[in-house]
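Naming: A, B, ... by sequence-line order, numbering from 1 per chain. Note: hydrogens, waters and symmetry copies are ignored here, and every other heavy atom, side chains too, is used.
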2 protein chains.
Amino acid sequence: MDQLTQSEENYIKAIYSLQQKTSSPVGTNDLADRMDTKASSVTDMIKRLSDKKLIQYKKYKGCELTDNGMRTALKLIRKHRLWETFLVEKLNFGWDEVHEIAEQLEHIQSLKLTDQLDKFLNYPKFDPHGDPIPDAEGEIQQREQSFKLNELAMDQSAVVIGVADSSASFLRFLDRHKINLGSSICVKEVYEFDDSREILINDELVTLSAAATSKITVQLV
Amino acid sequence: MDQLTQSEENYIKAIYSLQQKTSSPVGTNDLADRMDTKASSVTDMIKRLSDKKLIQYKKYKGCELTDNGMRTALKLIRKHRLWETFLVEKLNFGWDEVHEIAEQLEHIQSLKLTDQLDKFLNYPKFDPHGDPIPDAEGEIQQREQSFKLNELAMDQSAVVIGVADSSASFLRFLDRHKINLGSSICVKEVYEFDDSREILINDELVTLSAAATSKITVQLV
DNA sequence: CTTTATTTTTAGACAAGACTAAATCTATAA
DNA sequence: TTATAGATTTAGTCTTGTCTAAAAATAAAG
């Protein structure tokens with residue numbers, strides 16, 4: 001199994017993530033959108049990855065990761081999330097600042113580095129956005145049942161365990177409203193006309209749009 | 001000042017290092033040897049770097065770094081040595097294992113990352129091989145007067161402060177003889193016929209070849 | 001079951017960074 | 001000072017990853 005280029009690795013991650021969301025197979029145009037490139041470039045890359053047996057590909061039918069490709073994707077996600085954790089926990093970065101840097105760090109090749117980093121961080125199970133970190137074997141810790149905040153019943157007490165959008169802009173919005181992983185949260189009012197909600201967060205009331213509440217993952221307490 | 005490719009950065013580092021050793025200007029073939037590539041490839045790259053005003057270049061006359069190129073080189077060296085320090089101090093790597101990984105990590109683009117890492121490591125002045133780490137302004141801490149072990153007078157007490165060869169093979173040789181940065185060292189005998197020496201290191205006697213002693217940097221105590 | 005719209009692939013080009021082989025410049029020795 | 005060895009550059013090619021434009025396959029609608 002020879003070294004992949006950063007570009008190849010980025011495609012693998014994108015295919016993995018689309019495969020999770022929309023279920024396989026992944027279409028060429030969807031991938032092109034995700035990679036911010038053209039469909040023809042995607043076709044080229046798909047051929048390369050197929051040659052390397054990382055994806056299965058039938059012309060005009062889209063592609064899906066092979067077992068091998070899946071392992072590759074999980075290793076990358078592991079590295080990405082470990083580095084994000086490192087940046088936040090050890091280097092005092094904000095959770096809105098780490099994605100770009102982790103995108104670079106995830107390509108560093110060294111199994112030992114990854115595993116030592118994992119140990120140094122004390123084998124974290126979730127990253128700063130609440131996303132699960134695959135272990136050295138690629139196993140992902142499954143969450144207890146969770147909800148999006150907009151599915152939560154009124155007056156039900158819950159705690160924030162993740163975000164469905166890790167863009168800097170959304171994360172800074174949450175910061176401004178003092179919403180973090182671990183925050184206690186409770187729905188106090190639903191405004192039918194626009195599906196926005198009055199939320200009690202750490203003893204303060206704020207109003208959140210439907211767009212916002214649909215991106216906050218919570219667990220009952 | 002636009003982003004450099006990893007390849008361009010590697011050339012800048014190589015030019016810097018050759019410039020230090022043999023003093024400028026740096027010849028095309030020397031660079032080709034250092035980069036393990038062909039002279040024609042070097043000529044191509046030299047033109048690119050010259051266009052970007054990182055080196056000064058006269059056809060057939062070799063090249064040297066401009067002020068700008070020098071700053072670029074020092075930033076890379078700073079990152080490289082900070083990462084090596086991190087790997088050894090925080091992730092328990094041996095000093096013989098860190099070079100390759102730091103070669104990758106030094107290309108990560110983020111000023112904040114570098115500076116936070118520096119802070120996290122408590123602003124180290126020297127890396128695990130005893131090489132000085134440039135600060136955020138590119139300033140390098142100058143050493144007190146130092147010697148190579150083969151220049152040290154008999155029975156003169158000294159301490160190991162660096163190595164002139166950071167290859168894994170030489171570093172593992174030092175490990176095997178329990179020679180580390182900070183080790184107390186003293187020459188007890190010089191064998192004229194091959195210039196090898198009997199050395200007292202932390203209360204143990206070992207014989208080191210001329211090749212070995214010429215690569216160990218020490219300071220008088 | 002055709003026709004049209006959409007998706008996907010092919011064909012041909014380009015830039016970066018590398019290579020080989022050939023040409024050219026510089027320096028050294030007779 | 002000229003012949004020639006050694007260093008350096010040019011010319012032309014290759015691969016990776018990208019692009020545009022055009023062709024082909026599939027899906028959807030009448």
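- Across the protein-nucleic acid pair, A:Leu4 atom CG and D:dG17 atom C1' stand 15 Å apart, rounded to whole Å.
- Here D:dT9 presents its P atom at 13 Å from NZ of B:Lys58, a figure rounded to the nearest Å.
- The only option from A:Leu54, A:Thr72, A:Leu49 that meets the side-chain contact (heavy atoms from CB on, under 4.5 Å) definition with A:Glu8 turns out to be A:Leu49.
- The nearest whole Å value for the distance from the CD atom in A:Gln6 to the C1' atom in D:dT16 is 14 Å.
- A donor-acceptor contact under 3.5 angstrom links the side chains of B:Arg34 and B:Ser17, judged on distance only.
- When rounded to the nearest whole Å, the span between CG of A:Asn29 and P of D:dA27 equals 14 Å.
- A:Met35 places its CE atom 17 Å from the P atom of D:dT16, with the value rounded to the nearest Å.
- Side-chain N or O atoms of B:Thr114 include one that pairs as donor or acceptor with a backbone N or O of B:Ser110 at under 3.5 Å.
- Residues forming a side-chain hydrogen bond (donor to acceptor under 3.5 Å, both in side chains) with B:Asp175 (at least two apart in sequence, or on another chain): B:Trp95.
- Scanning residues 40-50 of chain A for heavy-atom distances under 4.0 Å to DNA chain D yields A:Ser40, A:Ser41, A:Asp44, A:Arg48.
- Summarising the geometry, atom NZ belonging to B:Lys215 is positioned 13.5 Å from atom CG belonging to B:Leu149; distances are rounded to the nearest 0.5 Å.
- A cation-pi contact links A:Lys112 to B:Phe93, judged by a cut-off of 6.0 Å to the six-membered ring centre and 45° from its axis.
- Taking atom NZ of B:Lys38 as the reference point, atom C1' of D:dA11 lies 17 Å away to the nearest angstrom.
- For the pair A:Tyr60 OH and D:dA23 P, the computed distance is 13 Å after rounding to whole Å.
- Here chain A contacts DNA chain C (any atom closer than 4.0 Å to a heavy atom, that is under 4.0 Å), and the contacts span C:dT7 to C:dT10 from 5' to 3'.
- Shown here is A:Gln56, whose CD atom has no more than 12 heavy atoms of other residues, nucleotides or ligands within 6.0 Å.
- With the nearest nucleotide of DNA chain D identified for both B:Lys59 and A:Ala39, B:Lys59 has the one nearer the 5' end.
- Between B:Lys75 and B:Glu9 there is no salt bridge, since no side-chain N of the basic residue sits under 4.0 Å from a carboxylate O of the acidic one.
- In summary, of the residues considered (B:Glu84, B:Arg78, B:Lys79), a side-chain contact (heavy atoms from CB on, under 4.5 Å) with B:Leu82 occurs for B:Arg78 alone.
- Across all strands shown, A:Gly27 has heavy atoms under 4.0 Å from sugar-phosphate atoms exclusively, and none from any base.
- Here the P atom of nucleotide D:dG17 and the CG atom of A:Leu31 are 15 Å apart, to the nearest Å.
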